[in-house]
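Take a look at the structure below.
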Number of protein chains: 2
Amino acid sequence: MDHELLIALGKQSFASERPNHCAQCGIRELCLGSGLDLHQVSGLADVVVERRRVEQGKVLYEQGAPFTHLFAIASGSSKAVARSDDGRLQIAALALRGDVVGFLGAASGTQPVTVVALENSVFCVIPYRHLLRRISQNQLIGTQFHRLVARVMQQRQQAFLFTASANAERRICGFLLWFSDQLAARKQHFTEFSLPLSRTDIADFVGLRLETVSRAFTRLCDLNLIEAKGRHIRIPDVQALRSWFSASR
Amino acid sequence: MDHELLIALGKQSFASERPNHCAQCGIRELCLGSGLDLHQVSGLADVVVERRRVEQGKVLYEQGAPFTHLFAIASGSSKAVARSDDGRLQIAALALRGDVVGFLGAASGTQPVTVVALENSVFCVIPYRHLLRRISQNQLIGTQFHRLVARVMQQRQQAFLFTASANAERRICGFLLWFSDQLAARKQHFTEFSLPLSRTDIADFVGLRLETVSRAFTRLCDLNLIEAKGRHIRIPDVQALRSWFSASR
DNA sequence: CGGAAGCTTGAGTAAAATCAAAGAAGGTGG
DNA sequence: CCACCTTCTTTGATTTTACTCAAGCTTCCG
């Protein structure tokens with residue numbers, strides 16, 4: 001079938017999709033609906049007003065934008081980029097399928113980071129006001145939302161931990177284990193996967209130079225701990241990689 | 001006056017204190033009550049069931065404990081310590097007056113870190129169920145809670161940013177600016193203060209060795225950017241320090 | 001006074017950043 | 001389908017930086 005046509009159909013299907021499809025959403029259990037039964041999920045119906053496609057490298061929202069919406073990642077992934085006063089960019093966070101982004105803006109009413117799609121992605125647009133209304137109507141939705149926010153915080157915390165470790169190979173190892181864990185939590189293949197980040201992105205995220213990242217990858221390959229070909233990664237023995245991480249410093 | 005007596009009086013005053021003192025609390029504007037008027041704050045009355053003193057170095061809660069309570073720091077500060085499988089300790093987060101700790105446990109129902117008081121501290125004990133009930137009764141309390149959680153997340157994010165930067169002096173500089181900003185947000189002196197952390201704690205937090213931290217401090221002193229004597233820090237010109245941070249790499 | 005932490009300083013070593021260049025991969029248009 | 005361009009990635013040689021091990025110092029406390 002023609003590629004263009006497929007894309008057109010894809011757009012069509014999204015355009016025609018009713019916003020209130022939480023009940024049929026494939027990532028329901030990762031997202032706000034987790035733990036709710038079908039009847040309760042239908043209570044989320046009008047929380048998501050639309051779905052927004054964002055192409056790879058394109059911006060979901062800019063640093064400085066007012067905080068009015070949250071975004072749940074229906075598919076794809078994103079990075080949060082912080083621009084410091086001197087113009088340097090730094091990756092503050094990564095978010096995958098099922099994660100909610102944009103919550104940080106609640107602190108000040110202004111988004112502190114720019115969010116960029118790492119691949120072609122689809123975001124569920126959640127007006128914060130809608131969500132608050134639903135929470136006040138159903139306490140369970142509130143606890144689910146808290147659980148979701150806490151999960152995202154914990155992801156970030158874990159990322160913090162391996163970022164602070166000294167050794168370059170250990171950082172990359174920690175990053176790969178972290179990413180693998182994220183995939184496992186999403187019931188995706190976690191021993192063989194494709195990283196949505198470039199070497200530069202990884203370097204920015206873990207706090208190394210890209211050459212050092214590249215060398216660390218080849219070194220981990222030489223140790224037969226991973227098989228890396230570009231962004232494609234295979235972990236033959238996750239347990240072995242994990243114990244190597246613990247053993248190294 | 002006798003020292004023991006003073007402590008006894010202190011304990012007395014806390015023991016006798018009604019739990020519902022949010023309305024009179026000195027850190028109200030940092031905490032759940034921020035943005036609420038006095039009448040609304042009184043709605044928080046029974047959210048805090050007690051206040052708990054924790055001495056320096058003592059544990060507020062252990063990693064693995066069930067998630068049942070949140071804790072707001074009425075005074076003092078704390079560190080979140082993660083113990084990895086191999087027994088190594090790492091500082092995952094710092095929390096100061098007005099911050100809420102314990103929320104990460106909401107993700108899995110189990111606390112992922114151990115929280116230790118950095119100085120003699122007082123924590124407001126908030127049963128999560130109480131909070132949920134209040135949130136469902138008053139939507140404003142929900143938004144305030146979100147704001148509070150987002151603020152804590154943002155603090156951690158900012159810490160992540162300087163931790164990932166290459167240079168040791170820059171990391172320490174970033175840490176000091178971060179800490180100073182935290183104090184400023186709490187309307188405390190932010191150009192002259194006492195760090196509640198030892199050099200070892202700082203090292204664990206920013207991902208350096210303690211000798212390197214020490215050398216970075218003396219180097220920043222030599223550059224007249226700070227005056228450091230042990231834990232006591234003075235920043236003669238915050239703007240200068242900030243621009244040095246931006247200029248360095 | 002003596003002991004124990006915590007902090008600083010020094011010299012040598014290991015590691016990552018830097019500068020530089022070449023090799024793969026992916027997309028575009030002929 | 002191929003040649004060409006751009007972007008991403010790897011590798012090498014050198015310099016800079018942080019780690020390591022070691023010793024001395026300060027501060028606090030019994």
Side-chain angles (χ1 to χ4, degrees), chain A residues 3-4 7 55-57 79 88-91 116 118-120 162-176 194-223 226-233 248-249, chain B residues 3-4 55-57 79 88-91 116 118-120 162-176 194-223 226-233 247-249:
Chain A
H3 190 228
E4 281 300 320
I7 290 175
E55 278 175 63
Q56 181 179 62
K79 62 178 174 183
R88 253 199 302 271
L89 296 177
Q90 204 168 358
I91 296 188
V116 178
L118 287 168
E119 50 199 313
N120 292 338
F162 64 72
T163 300
S165 65
N167 178 298
E169 279 113 46
R170 190 167 194 268
R171 276 194 213 192
I172 295 303
C173 181
F175 169 73
L176 290 174
S194 220
L195 291 169
L197 304 104
S198 68
R199 294 286 187 269
T200 307
D201 282 336
I202 297 172
D204 288 345
F205 189 60
V206 303
L208 295 169
R209 299 275 102 172
L210 77 95
E211 297 97 325
T212 310
V213 170
S214 180
R215 276 183 250 267
F217 267 103
T218 52
R219 179 114 181 79
L220 290 175
C221 283
D222 292 347
L223 293 169
I226 63 168
E227 292 165 28
K229 197 178 180 215
R231 298 187 181 189
H232 190 84
I233 308 290
S248 67
R249 68 206 161 88
Chain B
H3 190 229
E4 282 300 320
E55 278 175 63
Q56 180 180 62
K79 62 178 175 183
R88 253 199 303 270
L89 296 177
Q90 205 168 358
I91 296 187
V116 177
L118 286 168
E119 49 200 314
N120 292 338
F162 64 72
T163 300
S165 66
N167 179 297
E169 279 113 46
R170 191 167 192 268
R171 279 196 210 190
I172 295 302
C173 180
F175 168 73
L176 290 173
S194 218
L195 291 170
L197 304 102
S198 67
R199 294 286 188 268
T200 307
D201 282 336
I202 298 172
D204 288 345
F205 189 61
V206 303
L208 295 169
R209 299 275 104 172
L210 78 92
E211 298 97 326
T212 310
V213 170
S214 180
R215 275 185 251 266
F217 267 103
T218 52
R219 179 111 181 78
L220 290 174
C221 284
D222 291 349
L223 293 167
I226 63 168
E227 291 165 28
K229 198 180 179 211
R231 298 186 181 189
H232 191 84
I233 307 291
S248 68
R249 69 207 159 89

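- For the pair A/Asn120 (side chain) and A/Glu55 (backbone), a donor-acceptor distance under 3.5 Å is absent.
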- Task: Applying side-chain contact (heavy atoms from CB on, under 4.5 Å), run through A/Lys79 and A/Phe205 and close with a yes or a no.
- Result: CA-CA 9 Å; A/Lys79 62 178 174 183; A/Phe205 189 60; over 6 Å; no

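- Atom CD in A/Gln56 sits roughly 12 Å away from atom C1' in C/dG26 (whole-Å rounding).
- Annotation for B/Ile233 and B/Ala228: closest pair CD1-CB, 3.7 Å, computed over non-hydrogen atoms.
- With a 4.5 Å cut-off on side-chain heavy atoms, A/Leu89 and A/Asp204 do not count as touching.
- Put simply, NE2 on B/His232 is 13 Å from P on D/dC28, counting in whole angstrom units.
- The interatomic distance linking B/Ile202 (CD1) with C/dG6 (C1') rounds to 12 Å, in whole Å.
- Smallest separation of non-hydrogen atoms from A/Gly230 and A/Arg199: O-NH2, 2.7 Å.
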- For nucleotides 6-19 of chain D, 5' to 3', base contacts (B), sugar-phosphate-only contacts (S) and non-contacts (-) with protein non-hydrogen atoms under 4.0 Å give ---SBBBB----SS

